[in-house]
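Below is one structure, written out as structure tokens, with a few remarks after it.
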Amino acid sequence: MLVWDNAGYHTSKKLVVPANITLLRLPPYSPELNCVEQVWHWMRSHYLGNRAYADLAAVHRATEESCARVTADRQKTVCKTAWIESAGIK
């Protein structure tokens, strides 16, 4: 399954979806349904925001280090929402 945020620039009539992939299209303007948006917000607020980087390589290193700090438990905490809990998703 591929969760798709349905942004206008993610649409194309030329897209060929393999038979073994199911697209889950999220409603427009609903970042709360896309868990990765919550993870990026957490990383920016804890590790990436309000900093100056020397160059693009430094941005890449900081992003990699931040990603390494996102453990499975952290993902569960950051992505926890009432609708996920009510659906019984763990």
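Throughout, numbering of the chain's residues begins at 1 and tracks the sequence. Since the model is a prediction, treat every value here as computed from it, not as a measurement.
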Could I get the full list of side chain to side chain contact (heavy atoms under 4.5 Å, CB included) partners for S45, not counting sequence neighbours?
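In terms of side chain to side chain contact (heavy atoms under 4.5 Å, CB included), with neighbours along the sequence ignored, S45 is linked to no residue.
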
Partner set under side chain to side chain contact (heavy atoms under 4.5 Å, CB included) for Q75, not counting sequence neighbours:
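Scan of Q75 (side chain to side chain contact (heavy atoms under 4.5 Å, CB included), adjacent residues dropped) gives V70.
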
Please name all residues satisfying side chain to side chain donor-acceptor pair (under 3.5 Å) with W42, sequence neighbours left out, ordered by chain then number.
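Residues passing side chain to side chain donor-acceptor pair (under 3.5 Å) with W42: H46.
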
Looking at every non-hydrogen atom in both residues, tell me the closest pair between L48 and W40 and how far apart they are.
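Heavy atoms of L48 and W40 come nearest at CD1-CZ3, 4.3 Å.
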
Taking distance alone, no hydrogens or angles, what donor-acceptor pairs closer than 3.5 Å link side-chain atoms of residues 58-68 to residues at least two apart or in another chain?
{"from": "T63", "atom 1": "OG1", "to": "V59", "atom 2": "O", "distance (Å)": "2.8"}

For residues 15-28, please give each side-chain donor-acceptor pair under 3.5 Å, one per line with the distance, not counting sequence neighbours.
none

